[in-house]
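Read the structure below first, then the notes.
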There are 2 protein chains.
Amino acid sequence: MIPHEQFRMTPSRRAILDGISGAACHPTADEVYEMVRRALPRVSLGTVYRNLELLTRHGLIRTLADGRGQRHYDAVLEDHCHVRCEACGRVDDVRVTSPGQLVDAVEDGGGYDIHGYRLSFTGLCPDCASERERSAPGRQLEGGDDESQGNED
Amino acid sequence: MIPHEQFRMTPSRRAILDGISGAACHPTADEVYEMVRRALPRVSLGTVYRNLELLTRHGLIRTLADGRGQRHYDAVLEDHCHVRCEACGRVDDVRVTSPGQLVDAVEDGGGYDIHGYRLSFTGLCPDCASERERSAPGRQLEGGDDESQGNED
DNA sequence: ATAACTGCAAAACGTTTGCGTGTAT
DNA sequence: ATACACGCAAACGTTTTGCAGTTAT
């Protein structure tokens with residue numbers, strides 16, 4: 001969060017901001033690109049990335065480097081928690097009880113100067129869960145390959 | 001976690017496993033590569049990546065896609081929490097009170113089928129904290145540009 | 001004989017950057 | 001006039017993949 005440095009709220013930045021705010025779940029850079037292009041067909045992906053970074057630096061959005069692959073972007077600035085679908089990678093919000101006490105729960109930080117926390121859950125989003133149920137009802141299908149544990153954090 | 005599929009504990013895999021277990025903090029792929037090469041100078045980076053993925057799939061290690069940039073690898077399989085240094089990217093363990101209750105704390109998962117959690121903290125590791133103190137004692141230096149909040153999760 | 005494993009180099013992926021031009025102040 | 005912003009295309013760092021040769025079973 002860089003306090004002293006001015007920048008213009010240009011059409012592309014407005015569109016990026018609106019796109020992220022209006023999205024159903026937290027979009028990736030190229031999903032933002034798609035959304036912005038519907039309003040401004042000539043924007044480039046480079047500009048989208050440049051502005052996602054700038055908006056993050058100025059505290060107007062948050063960048064979630066949550067999982068594997070792409071980052072996700074979030075227009076909600078308050079501290080909150082996320083779920084990431086293990087199957088499709090989609091990221092949504094979760095509400096948890098008393099998340100503010102999480103930092104206090106640290107018993108041994110090994111000398112780290114702790115600034116914040118990040119709590120995210122993994123699981124299956126409604127769509128992927130029902131799709132999985134359709135293709136393997138009750139798990140009666142051919143063995144193995146469960147992977148539900150998710151060793152990739 | 002794929003249960004039924006055999007694989008050989010080859011020298012390179014053994015070395016990767018040992019390297020991760022013996023490392024001071026959770027290493028990245030090329031740190032693992034470095035370590036393995038000390039024992040087996042002819043291994044390729046491709047093999048290291050292939051085997052990190054295989055060992056993860058078989059539940060022998062965990063892949064931490066924690067932050068920006070590189071992934072980190074962890075030989076401790078039990079659920080536990082991490083800290084990532086905002087300055088150098090290093091990842092270590094933290095102990096927190098009753099982490100097992102975290103999943104129970106979810107009030108509204110929005111229809112997700114939640115399998116696990118990932119709690120990590122951000123902050124400054126001892127080295128970076130003391131370096132920062134040396135270069136800006138008490139923060140009396142030139143203004144602005146703190147960034148300590150860290151909008152990049 | 002077969003399946004698993006490897007080194008090597010090329011490709012893929014998501015992201016960043018340099019440059020020349022355009023636009024707001 | 002100046003600083004900021006952009007499109008475009010090239011470059012980047014990390015990870016994955018295809019292929020041809022090697023090794024264990």
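A, B, ... follow the sequence lines: proteins, then strands. Residue 1 opens every chain.
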For this session: Please step through side-chain contact (heavy atoms from CB on, under 4.5 Å) for the pair A/V83 and A/T122, ending with a clear verdict.
Result: CA-CA 5 Å; A/V83 225; A/T122 56; over 6 Å; no
Exercise. With B/E131, which residues qualify under side-chain hydrogen bond (donor to acceptor under 3.5 Å, both in side chains), at least two apart?
Worked result: none
Exercise. Heavy atom of residues 20-36 of chain A under 4.0 Å from DNA chain C: which residues?
Worked result: A/A29
Exercise. Is there any salt bridge (charged side-chain N to carboxylate O under 4.0 Å, His left out) pair reaching into residues 26-45 of chain A, and which pairs are they, with sequence neighbours excluded?
Worked result: none
Exercise. In whole Å, what is the span from the NE2 atom of B/H72 to the C1' atom of D/dT14?
Worked result: 12 Å
For this session: Rounded off to whole Å, could you give me the CD-to-P distance for the B/Q6 and D/dT25 pair?
Result: 12 Å
Problem set entry | Which residues share a side-chain contact (heavy atoms from CB on, under 4.5 Å) with B/A23, sequence neighbours left out | B/P27, B/M35
Exercise. For residues 9-20 of chain B, which residue pairs qualify under side chain to side chain donor-acceptor pair (under 3.5 Å), counting only residues two or more places apart or in two chains?
Worked result: B/T10-B/S12, B/S12-B/N51, B/R13-B/N51
Exercise. Is any side-chain nitrogen or oxygen of B/Y49 closer than 4.0 Å to OP1 or OP2 of D/dT16?
Worked result: no
Problem set entry | Residues that B/C25 engages under side-chain contact (heavy atoms from CB on, under 4.5 Å), provided they are two or more places apart | B/R90, B/D92
Problem set entry | Spacing between A/E53 atom CD and D/dA5 atom C1', to the nearest angstrom | 14 Å
For this session: Output every pair passing ring-ring contact (aromatic ring centres under 6.0 Å, His included) with a member in residues 35-55 of chain B, not counting sequence neighbours, ordered by first then second residue.
Result: none
For this session: Using atom CZ of B/R37 as one end and atom P of C/dT6 as the other, report the distance to the nearest whole Å.
Result: 16 Å
Exercise. side-chain hydrogen bond (donor to acceptor under 3.5 Å, both in side chains) with B/S44: which residues, sequence neighbours excluded?
Worked result: B/T47
For this session: Could you state the atom-to-atom distance from CD of B/Q70 to P of C/dG14 in whole Å?
Result: 17 Å
Problem set entry | Rounded distance in Å - CG (B/L52) to P (D/dT14) | 14 Å
For this session: State which residues pass side-chain contact (heavy atoms from CB on, under 4.5 Å) with A/E107; sequence neighbours excluded, sorted by chain then number.
Result: B/R95, B/T97
Measure all distances between protein nitrogen or oxygen atoms and nitrogen or oxygen atoms of nucleotides 22-25 of chain C, and list the pairs falling under 3.5 Å.
none

Exercise. Has B/R71 got a side-chain N or O lying under 4.0 Å from the OP1 or OP2 atom of D/dT16?
Worked result: yes
Problem set entry | Separation of A/S130 OG from B/D113 CG (nearest 0.5 Å) | 11.0 Å
Exercise. For D/dC6, does either OP1 or OP2 sit under 4.0 Å from a side-chain N or O belonging to A/S12?
Worked result: yes
For this session: Can you tell me the distance, in whole Å, between the CG atom of B/L45 and the P atom of D/dT14?
Result: 10 Å
Protein-nucleic acid N or O pairs under 3.5 Å, nucleotides 8-12 of chain D:
unit_1	atom_1	unit_2	atom_2	d
D/dC8	N4	A/R50	NH2	3.3

Seminar exercise, completed: Atom CG of B/N51 and atom P of D/dT15 are separated, to the nearest Å, by 15 Å
For this session: Provide the full list of ring-ring contact (aromatic ring centres under 6.0 Å, His included) pairs with a residue in residues 85-114 of chain B, sequence neighbours left out, each pair given once.
Result: none
